[in-house]
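I have placed the structure first, in the form of C-alpha cells, so that the comments after it can refer back to it.
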Amino acid sequence: MKQLRTRQICFFFLAFLPVIKIFMMPSIVSKIANEDGWLSVSLALFLDFVTLATLVFTFRKNDTDFFTVLEDFFGKNVSKIIMVIYAVFFFIKALLPISEQRDFIDLTLYPVLSVPITFIPFFFVLFYLCTKKLRVFGRLSDAIWLISLIGFVLILALSLTNVDFSAILPIGASGIKNVVRGTFSISNWFGDALYFMFFIGEYQHKKGDGKKILLSYALSALLVIAFVIVFYCTFTSIAFRQRFALTEISKYTTVIYNLGRFDYIAIFLILFSSVIALSIPLYFSNRLLKKAFNVKKEWPFALGICLLILIFFTFFNEYLASFEYFATNVFGYFCLVLGKIFPILLCIIKGVKNAKKRLQN
C-alpha cells in the first residue's frame, strides 16, 4: 500500500517549502547581492528544480523506497553511514529556520512578554509528527496548501502599493560573483529536492505525474521569487536591515493605517503552515536514525531530537550569532554535496544499472 499520492506530493511542495523562505532569508541575500538578490534566489531554486527533475524521472518506476535503494547501491554498512550523515545534516539544517521563527514570534508577536514558553508548543507538534507515518504529511498537504497560498497572495497584495519595481534595475548590476555568493549564503533554506528522495517508491507514478510535480515546484518557486522582489523593491538599499521580511513588507500599506494590522491574517496563516514545515527535516532525521540503528519504535529518537533542540536553544543561545555565520558561510558546502551532488550521483548509478540490465537482456 503506497503511503502517498501524486496530488499530495504536488501540494507538499506548495504548502510547506515556500513558507520557511520568507522570514530572514530575503534580508541575508539582499546584503550580499543587493538588487540582484532575486537572481541568487532564482539560481538556488533552479538548481533544486534540476535536481528534483533528475530524481523524478530517474526513479519514476521505482517500487522500492529510498532506504532500499541505498542498500542496493552501497550495501548495508555504507548505507547506514549515509543515513546517519543525512540525519545530522537535516538536524543542522532545521536549526536556523527554527531560530529565526522563534525570534520572529518573540520579537514581533510577543514584544513585551518575551519568554521561552511562547515557543514550547512547537516541540509538542514536532514530537507528534515525528512519531507518525509518512502518509501524515500527505494528508496535511491536502489540508494546508490552500492556507499557505492564501497567506502568500494576501501578503503580496497588501504590499504592492509601496513597491518600486525599478529598484531591481539594471538586472545583473551586482555582478555574477555576488549573485553566486548570495546563492551560496542562503543554501540552508534550499535543497528541497532532497525530500523527494523519501517519496521514491511511496507513490504510484503514472503518465504525466512528473510534469505535475515539477509544475507544482515551479509555482512554489515563483511565489518565493515574487516575495523577494517585492521585499527588495519596498525597502531598496536598506532591505538588508529588515531582519524579518514577513512583518516589514506590508506594514506601511495605506489599508493597514485605516483598518489596523490586517496583514496579521496573512502572517498567522503562514505561521500555521511553517510549524509543519519546520518539522519536516527533523521528521526525516528521525526516520533516518530509526532505520540506521534498526529501532522499531518511533518515539525514542523523536524525543531525543526534541530534547537536543530544546537544550541547544536554552543553553547555547549566546552562540546563535556564530551558528548563523556557520549556516550562511560554511554550511553551503554540505548543502551542495548532500543536497545536489549526492542525489544526482544516485541517478547516475541508477542509470548505469539500468543500462547494464538492458545489455544483459
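As a basis for the values below, the full set of heavy atoms in this structure was taken, side chains included, without hydrogen atoms, waters or symmetry mates.
Phe190 and Ile32 end up in different hydrophobic clusters when Ile, Leu, Val, Met, Phe, Trp and Tyr side chains are linked at under 4.5 Å. Hydrophobic clustering (side-chain heavy atoms under 4.5 Å, transitive across Ile, Leu, Val, Met, Phe, Trp, Tyr) groups Leu219 together with Phe11. Hydrophobic cluster membership differs between Phe127 and Leu308, with clusters built from Ile, Leu, Val, Met, Phe, Trp and Tyr side chains linked at under 4.5 angstrom. A continuous path of Ile, Leu, Val, Met, Phe, Trp and Tyr side chains, each step under 4.5 Å between heavy atoms, connects Ile150 with Ile22, placing both in one hydrophobic cluster. In the hydrophobic clustering of ILVMFWY residues, with side-chain heavy atoms under 4.5 Å counting as a link, Phe334 and Ile280 come out together.
The environment of Arg5 atom CZ is sparse: at most 12 non-hydrogen atoms of other residues, nucleotides or ligands sit within 6.0 angstrom. Residue Phe123 places its CZ atom among more than 12 non-hydrogen atoms of other residues, nucleotides or ligands, all under 6.0 Å distant. At most 12 heavy atoms of other shown residues, nucleotides or ligands fall within 6.0 angstrom of atom NZ in Lys291. Shown here is Lys31, whose NZ atom has no more than 12 heavy atoms of other residues, nucleotides or ligands within 6.0 Å.
Side-chain atoms of Lys80 and Asn294 form no donor-acceptor pair, as typed in the model, at a separation below 3.5 Å. When only modelled atom types and interatomic distance are considered, Asn317 and Arg102 share a side-chain donor-acceptor pair under 3.5 Å. When only modelled atom types and interatomic distance are considered, Trp145 and Gln8 share no side-chain donor-acceptor pair under 3.5 Å.
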* Before giving the answer on side chain to side chain contact (heavy atoms under 4.5 Å, CB included), spell out for Tyr283 and Thr131 the whole-Å C-alpha distance, their side-chain angles and the decisive distance to 0.1 Å. => CA-CA 8 Å; Tyr283 170 82; Thr131 58; over 6 Å; no

* Evaluation steps, ring pair (Phe, Tyr, Trp, His ring centres under 6.0 Å), between Phe284 and Phe198 -> CA-CA 8 Å; Phe284 288 122; Phe198 297 92; 4.3 Å; yes

* Would Tyr86 and Phe342 count as a ring pair (Phe, Tyr, Trp, His ring centres under 6.0 Å) if you check the C-alpha gap in whole Å, the side-chain angles of each, and the deciding distance to 0.1 Å? -> CA-CA 11 Å; Tyr86 266 104; Phe342 184 78; 5.5 Å; yes

* **Derivation of the side chain to side chain contact (heavy atoms under 4.5 Å, CB included) call for Phe199 and Phe12** => CA-CA 11 Å; Phe199 302 156; Phe12 175 89; 3.9 Å; yes

* To do: Verify side chain to side chain contact (heavy atoms under 4.5 Å, CB included) between Ile20 and Gln101, making sure each step is shown before the conclusion.
  => CA-CA 9 Å; Ile20 60 171; Gln101 293 202 36; 3.8 Å; yes

* From CA spacing to verdict: side chain to side chain contact (heavy atoms under 4.5 Å, CB included), Lys132, Tyr128 -> CA-CA 7 Å; Lys132 297 300 176 181; Tyr128 175 79; 3.3 Å; yes

* To do: Could you walk me through whether Phe59 and Phe196 pass the ring pair (Phe, Tyr, Trp, His ring centres under 6.0 Å) test, one step at a time?
  => CA-CA 10 Å; Phe59 291 96; Phe196 183 81; 8.4 Å; no

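Nearest approach of Phe13 to Ser220, heavy atoms of both residues: O-CB, 3.3 Å. For the residue pair Val56 and Gly210, the shortest heavy atom distance occurs at CG1-CA, 3.7 Å. Of all heavy-atom pairs between Ser40 and Asn178, the closest is OG-O, 4.1 Å. Summarising the geometry of Leu96 relative to Met24, their closest heavy-atom pair is CD1-CE, 3.8 Å, with the distance given to 0.1 Å.
With rounding to the nearest 0.5 Å, the separation of CE in Met25 from OG in Ser185 is 9.5 Å. Rounding to the nearest 0.5 Å places CG of Leu194 at 10.5 Å from CG of Leu52. Rounded to the nearest 0.5 Å, atoms CG (Asn188) and NZ (Lys21) are 10.5 Å apart. Atom CG of Leu4 sits about 10.0 Å away from atom CZ of Arg139, to the nearest 0.5 Å. Once rounded to the nearest 0.5 Å, the distance linking SG of Cys306 with CD1 of Ile311 reads 11.5 Å. In this structure, OH in Tyr203 is found 5.0 Å from CD1 in Ile9, a value given to the nearest 0.5 Å.
Asn286 places no side-chain N or O within donor-acceptor distance of the main-chain N or O of Ile305, the cut-off being under 3.5 Å. Between the side chain of Thr236 and the backbone N or O of Tyr232 there is no donor-acceptor pair closer than 3.5 Å.
The pair Asp48-Lys340 counts as a salt bridge, with a side-chain nitrogen and a carboxylate oxygen less than 4.0 angstrom apart. A salt bridge does not link Asp65 to Arg287: none of the charged nitrogens lies less than 4.0 Å from a carboxylate oxygen. The residues Asp142 and Arg7 are annotated as salt-bridged, a charged nitrogen and a carboxylate oxygen being separated by less than 4.0 angstrom.
Between Phe104 and Phe23, the ring centre distance stays below 6.0 Å.
Of the listed residues (Phe89, Phe326, Phe184), just one forms a ring-ring contact (aromatic ring centres under 6.0 Å, His included) with Tyr333, and that residue is Phe184.
The stretch residues 318-328 participates, sequence neighbours left out, in these salt bridge (charged side-chain N to carboxylate O under 4.0 Å, His left out) pairs: Arg243-Glu324.
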